[in-house]
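Order of the sequence lines fixes the chain letters, A, B, ..., with proteins taken first and strands second; residue numbering starts at 1 for each chain. Note that these values count all heavy atoms, side chains included, but never hydrogens, waters or copies made by symmetry.
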There are 2 protein chains.
Amino acid sequence: MTPPLHMSLAGQTVDVLRELVLTGEIPPGARVNEVELAQRLGISRGPLREAIRHLASEGLLVLAPHRGASVPTADAADVQALFELRAALECAAAELAASRRTDADVVRLRAVCEESRRAYSAGERFPYRLDLAFHQSLLDAARSPRIAEQVRLVQQRVVLLRSGLRDDPPHQQASLDDHDALVTAIAAGDPSRASDVMRKHLARVCAQMLTSLG
Amino acid sequence: MTPPLHMSLAGQTVDVLRELVLTGEIPPGARVNEVELAQRLGISRGPLREAIRHLASEGLLVLAPHRGASVPTADAADVQALFELRAALECAAAELAASRRTDADVVRLRAVCEESRRAYSAGERFPYRLDLAFHQSLLDAARSPRIAEQVRLVQQRVVLLRSGLRDDPPHQQASLDDHDALVTAIAAGDPSRASDVMRKHLARVCAQMLTSLG
DNA sequence: ACGATGTTAACTGTCGACAGTTGACAGCGC
DNA sequence: GCGCTGTCAACTGTCGACAGTTAACATCGT
């Protein structure tokens with residue numbers, strides 16, 4: 001079974017290349033050689049170029065004229081700017097979620113929180129997968145497709161930043177608490193509190209990230 | 001004098017094609033024929049395709065597999081979703097502007113407001129140019145490059161929606177008042193009020209837009 | 001006359017090759 | 001020995017042509 005079989009070569013290449021970047025197989029700072037990567041993927045340069053430009057539009061690659069594409073490296077200012085954007089989007093999403101959530105949404109959010117705690121207690125090394133799941137569930141509850149789309153793009157960039165960063169257990173503990181508080185505010189239908197909790201949550205994550213690469 | 005002479009053909013084509021779409025020369029719903037447009041622009045299909053994909057990533061074109069690109073047509077739900085995103089971004093920008101504004105920022109914002117009123121009183125048909133200038137000045141004051149970038153993309157889509165919409169004088173009057181109130185809140189360094197005014201301003205603009213195409 | 005089916009034309013998706021530019025290396029002058 | 005300049009290789013940017021798919025049209029059957 002190959003779901004993306006109907007996609008164009010360029011479309012498939014977008015997914016493949018995205019994975020190569022997000023997994024760090026092409027590390028930050030590394031340049032992308034079109035001919036080399038093209039024959040490595042067994043395709044021509046045309047579709048590969050389209051995939052590269054697409055990933056560049058998502059911020060996972062940066063283009064320099066006549067110098068090709070490379071994986072971006074971020075400094076403190078970049079992280080700050082990125083998290084300001086993320087806060088703008090996710091705080092709004094939290095507000096909308098608090099306004100529009102259904103009982104089913106709350107159930108789902110609670111389930112993700114519980115599973116996160118279970119995984120954390122079980123000593124799982126990367127419950128980050130569940131962190132993404134939580135934020136995704138929140139976006140579902142917000143029912144704002146455009147905001148959801150932009151959040152996904154920002155989260156991707158955050159994942160890129162995280163690649164090659166050690167995990168921080170006490171920080172993860174705090175995040176679990178934040179998530180619970182968020183669900184409580186959303187379940188209570190309190191937009192402003194949900195927004196506030198989200199803002200503080202992201203401020204903490206941002207601060208942790210800044211110290212992790214200072 | 002040709003400023004974009006150093007840019008790649010694809011880069012120039014992005015600007016040209018963007019203008020063709022935003023001015024309505026290629027109207028919403030129209031499809032884009034690659035070979036025809038390519039020879040019309042005097043270039044090959046390669047750079048044109050890259051430009052098309054780029055504009056698609058900005059939301060100014062939509063791609064259908066094996067059916068090419070076309071200018072998107074928006075329904076009420078699209079407008080709603082777009083303005084939810086715009087509100088998330090611009091409310092955050094208003095907050096940041098209120099926190100970070102300098103005296104020079106306030107002077108600039110006041111100047112734009114005054115010029116808008118002058119143009120409106122003089123009976124200028126499209127002070128929309130000055131509306132964009134105002135929001136741009138606000139973004140400058142916010143000093144958040146990523147948010148500013150996203151706002152510009154959203155505003156572009158709004159411009160596309162406006163293309164082929166009649167102007168509404170009483171609505172413009174209200175917008176001028178909104179802008180003044182925004183500057184006042186920003187000058188006072190009151191983020192929550194700035195955000196609130198912005199939210200109401202955008203709600204009004206959105207509502208006006210929805211009625212204009214109902 | 002209406003619907004289903006085969007055919008065809010147009011357009012997109014993909015490929016390989018050429019041209020132009022960039023950055024680096026080697027050679028020369030000081 | 002150090003700096004400058006000319007040359008060269010590598011890579012990107014661009015082009016034209018081929019292959020595959022889609023949708024519309026015409027044809028055939030009922």
Can you tell me if B/Asp103 has over 12 outside heavy atoms packed within less than 6.0 Å of its CG?
no
Has A/Arg31 got a side-chain atom pairing as donor or acceptor with A/Arg67's backbone, closer than 3.5 angstrom?
yes
Could you please name the option among C/dT22, D/dT14, D/dT22 that lies closest to any side-chain atom of B/Arg67?
D/dT22
Nearest-angstrom distance from the residue atom CE of A/Met7 to P of D/dT21:
16 Å
Roughly, in whole Å, what's the span from CG in B/Leu63 to C1' in C/dC11?
14 Å
Within a strict 4.5 Å, meaning less than it, do heavy atoms of the B/Val106 and B/Arg110 side chains meet?
yes
What is the distance from CD of A/Gln12 to P of C/dT14, rounded to the nearest Å?
8 Å
DNA chain C contacts among residues 53-60 of chain A, heavy-atom distance under 4.0 Å
none
With under 30° as parallel and over 60° as perpendicular, where do the rings of A/His135 and A/His179 fit, or are they tilted in between?
perpendicular
Spacing of A/Leu9 atom CG relative to D/dT21 atom C1', expressed in whole Å
14 Å
Within residues 24-47 of chain B, those residues having any heavy atom closer than 4.0 Å to DNA chain C are B/Val32, B/Asn33, B/Glu34, B/Val35, B/Arg45
Please report, rounded to the nearest Å, how far the C1' atom of C/dT12 is from the CZ atom of B/Arg49.
6 Å
Whole-Å distance, B/Leu48 CG to D/dG16 C1', equals 15 Å
Would you say the side chain of B/Leu182 lies within less than 4.5 Å of the side chain of B/Phe134, judging by non-hydrogen atoms?
yes
Distance only, no hydrogens: is a donor on one side chain within 3.5 Å (strictly under) of an acceptor on the other, for B/Ser175 and B/Asp178?
no
What nucleotide, of D/dT22, D/dG13, C/dT14, holds the atom closest to the side chain of B/His66?
D/dT22
A/Arg162/A/Asp131 under salt bridge (charged side-chain N to carboxylate O under 4.0 Å, His left out): CA gap, chis, key distance, verdict
CA-CA 13 Å; A/Arg162 286 183 63 95; A/Asp131 186 282; over 6 Å; no
Just verifying a value: how many Å separate A/Leu160 CG and A/Ile26 CD1, rounded to the nearest 0.5 Å?
11.0 Å
Side chains of B/Glu50 and B/His54: donor-acceptor distance under 3.5 Å anywhere?
no
